[in-house]
Structure formats: structure tokens, C-alpha cells
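First the structure, in the form of C-alpha cells, and then the observations on it.
Quick note on labels: first sequence line is chain A, next is B, and so on, each numbered from 1.
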Amino acid sequence: MIKKVESKEKMKIQTVINGKSYEKEVEPRKLFSDFLREDVGLTGTHVGCEHGVCGACTVLMDGKAVRSCLMFAVQADGTKIETVEGLVNNKTGRSLKAAFSEHHALQCGFCTPGILMSSVEFLNENPQPEKQEIKEMLSGHLCRCTGYTGIVEAVQQTTDGNSK
Amino acid sequence: MKPAQFDYFRPSSVEETLELLTDYGNEGKILAGGQSFIPILNMRMSEPECLIDINHLQELDYIKQEEGYLKIGALTRQSDLEKSELAANTVPILREASRFIGHSQTRNRGTVGGSLVHADPSAELPLTLLTLGAKVIISSADEEREAALDEFFLTYLTTDMMPDELLTAIHIPIDSIPKGYAFEEFSRRHGDFALVAAASMLDVDENGNVLGGTIAAGGIDAVPLLAEEEDFNVLIGQKLTEQRIKEVVQKMVEKAEPDSDLHASAEYRENLAEVLIKKSLHKAYQRATESGE
Ligand SMILES: Cc1cc2nc3c(=O)[nH]c(=O)nc-3n(C[C@@H](O)[C@H](O)[C@H](O)COP(=O)(O)OP(=O)(O)OC[C@H]3O[C@@H](n4cnc5c(N)ncnc54)[C@H](O)[C@@H]3O)c2cc1C
Ligand code: FES
Ligand code: FES
């Protein structure tokens with residue numbers, strides 16, 4: 001028999017977030033974005049649209065940038081997650097943060113955590129991207145403040161041999 | 001926006017999944033990449049009693065070449081299809097089309113099978129796989145069957161799958177795949193669903209005359225629209241001319257019933273279809289006539 005988790009029941013999940021292991025119990029319908037913010041207390045992951053369009057909730061799951069609002073917490077069971085809080089321990093993450101500050105790549109900062117997470121995955125996979133590729137990656141993120149120019153420049157600077 | 005409550009199953013094999021579908025197929029739904037389905041749940045446009053999460057069916061996550069087919073498991077992520085060297089070498093239009101599906105972040109989760117079952121009439125994969133003459137493999141606890149894609153899509157977001165069925169694989173015949181190919185689309189913003197999209201496959205002889213191929217267009221009808229053979233035949237036996245292209249497009253558009261909606265009028269969609277089909281044919285023709293391999 002395959003185990004059924006009843007809607008009101010809680011399922012035990014285990015996940016490693018930013019290098020730290022968590023064991024929690026969650027209802028099946030809990031979105032992973034809410035789990036991070038409410039159950040784990042990591043409020044750096046922002047929630048904008050809750051239907052996959054804005055990109056604010058983007059985190060890395062097993063190294064891949066994904067929308068945490070389009071996943072249930074139970075689906076993170078057994079995975080490794082990185083959120084914006086974990087970027088202090090990540091070389092590319094630290095360089096990106098510095099570059100964002102330098103290029104005024106954020107204003108209100110609502111979109112920034114998601115953009116940083118996508119950019120980390122992107123730079124890991126494409127160390128020398130074209131400007132057009134950076135723009136395509138950023139198309140998955142809405143920023144209502146900056147006009148994107150600073151963001152593109154910041155990502156680009158991080159690729160230009162400045163990621164020390 | 002939070003989904004309503006549901007019971008949750010996490011099967012670890014196709015066999016277990018089919019068992020669950022027999023018992024719960026009517027009240028429940030399959031959860032694959034969730035990139036179309038979870039927004040629907042979050043907005044409470046659907047409140048299924050239970051979800052059957054197939055993300056642990058590793059046996060459905062593969063791309064392989066076998067018996068004259070490129071075989072793609074239903075759970076293959078769209079980003080893996082986009083990056084697959086095997087797919088790019090055997091069926092290059094797959095990479096060209098995959099890059100238009102949403103964003104890299106949604107392709108990391110979204111699956112090939114999910115895109116077909118979701119059956120959005122302007123989605124890239126249904127359209128592209130249709131021009132390739134692909135078939136889908138569908139299983140239930142009782143039987144396994146095959147369906148040709150031109151019979152699979154019934155109308156908007158509707159396929160001929162039964163509630164107790166699981167789509168397991170997509171098979172693309174590759175032995176006589178045309179050398180010329182092209183995928184074109186127009187959307188308001190990069191990553192949005194296309195207003196209209198077009199895919200063409202073309203074979204051309206050494207004199208530059210068209211030997212055969214297919215054309216399909218998305219976003220102008222309730223299902224992706226494949227040019228009928230007799231309509232396509234207008235192009236055969238000669239070089240591509242504007243006149244002939246116009247003729248084929250006209251015949252295709254006549255059979256379509258494009259919708260006017262928030263995003264575009266029916267007239268505008270027909271116009272776009274003509275532009276994009278023409279563009280994809282020219283590009284496919286150019287690739288078909290390129291020397292060397
Ligand atoms: C911001 C955004 C932009 C997008 N843009 C595009 C775009 O431009 N083009 C495009 O094509 N798509 C786009 N999509 C949708 C695409 O990302 C989805 O991945 C795809 O439509 C569905 O695949 P999925 O694996 O996510 O399926 P899910 O969302 O999990 O499922 C979709 C439906 O298919 C059923 N299902 C899934 N797999 C199976 C199976 N193996 N057997 C039986 N039933 C199954 C489910 O029950 C559900 O009804 C976009 C999504 C987002 C969030
Ligand atoms: S909150 Fe997840 S994409 Fe907007
Ligand atoms: S900085 Fe305000 S939304 Fe991007």
C-alpha cells in the first residue's frame with residue numbers, strides 16, 4: 001500500500017537549508033515559500049504573486065533555480081535548498097551582492113533575493129555569458145523599481161573576472 | 001492565494017501510480033512539474049481531493065535513442081530537454097523551441113509530459129512535437145496504448161486522456177526527419193506564452209525544390225494546427241515562393257477559428273500566423289539547403 005497523507009495530517013519532512021538540516025512536520029497543502037518564511041523563519045525569500053510570474057520567491061533546490069511558490073513543502077523532502085540567507089557562504093553570492101550595491105541594482109529590494117538566486121545558478125552554469133543571455137535569465141524576474149540596467153551591469157561585472 | 005486542502009500521495013513507481021489512478025483518478029490529479037497546475041490550485045480554480053505527486057518516478061526521466069525513435073520520458077524536465085546534446089543532434093528543433101517555454105526557472109521544474117497534457121494551444125512543445133509526427137505512450141492499470149498527437153489534442157486544455165491514465169513517454173520518429181527546421185513565435189514579453197507560434201520542417205532536393213515536410217501553428221485555434229497534407233503539397237516540387245507560401249497559409253488559417261481575447265484580436269492572430277509561418281518556412285528552407293551535413 002502506498003501511504004496516503006490526509007489533508008489535515010502532517011507529514012514529516014527532512015531538508016537541508018543553507019547547510020543546516022531541518023526536520024519539520026507540514027500539511028500537504030503548505031507552499032514551500034510559506035514553509036521557508038513561516039516554519040523555518042527565513043523571511044529573505046519574498047512572496048509576490050504566488051503563481052510563478054514574478055520570481056521573487058526563487059530559491060535553489062539541488063542547485064537549480066526554482067519558484068518556491070510553485071512547490072509544496074512536502075516536495076522539498078530529501079532535497080538541498082539554498083536561500084538568499086545562505087549566500088554569505090557562497091563566493092559568487094558575495095561578489096554578486098557587492099556588485100548589486102555598487103551598481104544600484106536594487107531600490108526597494110523586494111525582487112532582489114530571487115534575482116540573486118537565479119544569478120548564482122546562472123553564473124555557475126555560464127561563467128562567461130553574453131549580455132543577451134543575462135537578460136533572458138532576468139526575464140523570469142519582475143523588478144518594478146530599477147529598470148533593470150543596474151541589475152544587468154551587476155551580473156555582468158560579476159562575470160568579468162571580479163568574482164573573487 | 002493558497003490552495004485548498006488535499007490528500008497527498010507520493011508513489012515511487014509507475015506501477016504504484018497506476019494503482020492509485022485506478023482508485024483515485026476521478027477525484028484526484030497528477031502533480032508533475034506543477035508549473036501550470038500549482039498556479040491553478042493557488043487561485044482555487046481547481047480543488048481536487050487528492051494529488052498524486054509523480055516527481056519520484058525516476059523511471060520516467062530520460063532521453064534516449066532507440067529503434068528509430070528519440071524517446072523522451074514524461075517526467076523529463078524542460079531544461080534537460082533544452083540542454084540535451086542527444087536531442088539537439090537528432091532533433092535540433094527541440095532545443096530551438098524549448099528555449100521559448102516560460103523562463104529558465106520554470107523549465108527547471110516543468111516537464112515535457114506536463115506540457116503536453118496541459119495542452120495550451122500556443123504552448124511550444126505540443127506544436128513542435130506535432131510537426132515531428134510524434135506519438136505519446138499512455139498507460140492505465142489495464143493497458144498501455146499509443147496516440148498520435150494529431151488525435152491527442154481535443155480542444156483548449158483538453159486531451160483524449162482518461163482520468164485513470166498516465167502519460168509515460170513521447171516517441172519521435174527520427175529515421176526520415178527533414179533536414180530543414182525552424183521554430184518562430186511572438187509574445188509580448190520574453191517568457192510569456194506566445195500569442196502565435198509556428199514550426200516548420202522541410203526537405204529539399206539538390207535543385208532546391210521542396211520534397212516534403214510539415215507546418216504547424218499555435219495560438220490560432222483551440223488546438224495546435226497542423227497543415228493538412230493536401231494543403232502542404234502546394235509547396236512540393238518547386239522552390240519556395242511567396243505566392244505558394246501565401247496559398248498554404250491561407251488554407252491553414254481558413255480552417256482555424258482564432259479567438260479574440262484580452263491579448264489579441266482574431267484578425268491580428270491570423271496576421272501574425274502568416275508572418276511567423278513564412279519566417280519559419282524561409283529559415284527551414286535555408287537550413288535544408290545548407291551544404292555539408
Ligand atoms: C511564469 C510562467 C510562464 C510560462 N510560460 C510558458 C510558455 O511560454 N510556454 C509553455 O508551454 N508553458 C509555459 N508555462 C507552463 C509550463 O511551465 C508548464 O511546465 C507546463 O505547462 C506543464 O508542465 P508541468 O510539468 O509543470 O505540469 P503540471 O503543472 O504539474 O501539470 C499540468 C497538467 O497535466 C497533468 N499531468 C502532468 N503530467 C502528467 C502525466 N505524465 N500524465 C497525466 N497527466 C499529467 C496534471 O494533472 C495537470 O492537469 C509557464 C508557466 C509559468 C509559471
Ligand atoms: S511569488 Fe513565486 S513567482 Fe511570484
Ligand atoms: S528593487 Fe524594487 S522591485 Fe526590484
Side-chain angles (χ1 to χ4, degrees), chain A residues 1-11 13 26-34 47 49-55 57-79 114-115 117-118 121-122 125-126 132-133 135-142, chain B residues 1-13 15-21 23-24 28 31-45 47-56 77 79-80 83 99-110 187 189-193:
Chain A
M1 261 315 273
I2 307 125
K3 193 179 159 3
K4 175 182 192 172
V5 184
E6 300 277 349
S7 60
K8 295 192 174 66
E9 203 181 323
K10 290 199 167 178
M11 177 175 158
I13 64 166
V26 287
E27 273 183 41
R29 72 169 179 146
K30 181 121 202 174
L31 292 174
F32 187 53
S33 42
D34 289 336
V47 172
C49 67
E50 286 187 325
H51 62 281
V53 174
C54 75
C57 68
T58 303
V59 300
L60 301 188
M61 181 167 76
D62 295 329
K64 303 265 183 205
V66 299
R67 308 294 207 218
S68 62
C69 73
L70 296 188
M71 261 180 68
F72 295 107
V74 289
Q75 296 187 286
D77 189 23
T79 66
I115 292 182
M117 299 321 288
S118 281
E121 181 210 32
F122 176 73
E125 288 195 2
N126 316 275
Q132 186 54 30
E133 292 174 303
K135 288 185 174 174
E136 273 174 34
M137 175 273 292
L138 289 171
S139 78
H141 293 273
L142 297 184
Chain B
M1 289 203 318
K2 313 290 172 194
Q5 290 185 325
F6 52 81
D7 297 337
Y8 177 74
F9 291 101
R10 192 169 70 192
S12 47
S13 68
E15 200 186 333
E16 284 182 0
T17 307
L18 297 179
E19 228 175 276
L20 287 169
L21 282 170
D23 295 341
Y24 300 97
L31 173 63
Q35 304 299 292
S36 290
F37 190 36
I38 297 183
I40 291 172
L41 294 173
N42 286 357
M43 293 184 238
R44 300 217 181 175
M45 290 173 352
E47 299 187 11
E49 253 168 59
C50 72
L51 292 194
I52 303 169
D53 179 355
I54 61 168
N55 282 281
H56 288 253
R77 308 288 166 188
S79 58
D80 290 333
K83 288 170 197 158
R99 291 191 166 145
F100 286 102
I101 312 170
H103 311 282
S104 58
Q105 300 87 356
T106 64
R107 294 195 291 274
N108 277 341
R109 275 308 272 169
S187 62
R189 286 168 298 257
H190 183 93
D192 278 11
F193 268 101

Contact class of [X] relative to chain B, heavy atoms under 4.5 angstrom:
{"X": "Lys3(A)", "value": "backbone"}
{"X": "Val74(A)", "value": "both"}
{"X": "Met71(A)", "value": "both"}
{"X": "Glu125(A)", "value": "side chain"}
{"X": "Glu121(A)", "value": "side chain"}
{"X": "Leu31(A)", "value": "side chain"}

Checklist line | Contacting moiety of Phe37(B), where chain A heavy atoms sit under 4.5 Å | finding: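 No part of it gets close to chain A.
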Notebook entry, point to check: Under a 4.5 Å heavy-atom cut-off, does chain A meet the side chain of Glu49(B), its backbone, both or neither?
Noted result: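 For Glu49(B), no heavy atom lies under 4.5 Å from chain A.
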Item checked: Atom pair NE2/CZ of His190(B) and Arg99(B) - distance to nearest 0.5 Å ->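 Output value for this atom pair is 10.0 Å.
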Check: Taking the six-membered ring for Trp, are the ring centroids of Tyr8(B) and Phe72(A) within less than 6.0 Å of each other?
Finding: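 Ring-ring flag for Tyr8(B)/Phe72(A): false, centres at least 6.0 Å apart.
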Who wins among [options] for the most heavy-atom pairs under 4.5 Å with chain A?
{"options": "Leu31(B), Leu41(B), Asp192(B), Leu51(B)", "value": "Leu31(B)"}
{"options": "Pro3(B), Ser104(B), Ser12(B)", "value": "Pro3(B)"}
{"options": "Tyr24(B), Phe6(B), Phe9(B)", "value": "Phe6(B)"}

[X] versus [Y], closest heavy-atom pair with distance:
{"X": "Gln5(B)", "Y": "Ser7(A)", "value": "CB-CB, 3.7 Å"}
{"X": "Glu16(B)", "Y": "Pro11(B)", "value": "OE1-CA, 3.4 Å"}
{"X": "Ala73(A)", "Y": "Ile13(A)", "value": "O-CD1, 3.4 Å"}
{"X": "Met1(B)", "Y": "Met43(B)", "value": "SD-CG, 3.6 Å"}

Check: Would you say Arg67(A)'s side chain and Thr106(B)'s backbone share a donor-acceptor pair under 3.5 angstrom?
Finding: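 Checked: no pair found.
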Next item on the list: Look at Met11(A), Met117(A), His141(A), His51(A) and state which one has the largest set of heavy-atom pairs under 4.5 Å with chain B.
Entry: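 Heavy-atom pairs under 4.5 Å are most numerous for His51(A).
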Check: Given the options Glu27(A), Lys30(A), Lys8(A), which has more heavy-atom pairs under 4.5 Å with chain B than any of the others?
Finding: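 When all of Glu27(A), Lys30(A), Lys8(A) are compared, Lys8(A) has the most.
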Notebook entry, point to check: Any side-chain donor-acceptor pair under 3.5 Å between Gln75(A) and Asp53(B)?
Noted result: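 There is such a pair (donor and acceptor under 3.5 Å, judged by atom type) between the side chains of Gln75(A) and Asp53(B).
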Note to self: Could you check whether any side-chain heavy atom of Val66(A) comes within less than 4.5 Å of a side-chain heavy atom of Thr58(A), counting everything from C-beta outward?
What the structure shows: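 No, too far: nothing below the 4.5 Å cut-off.
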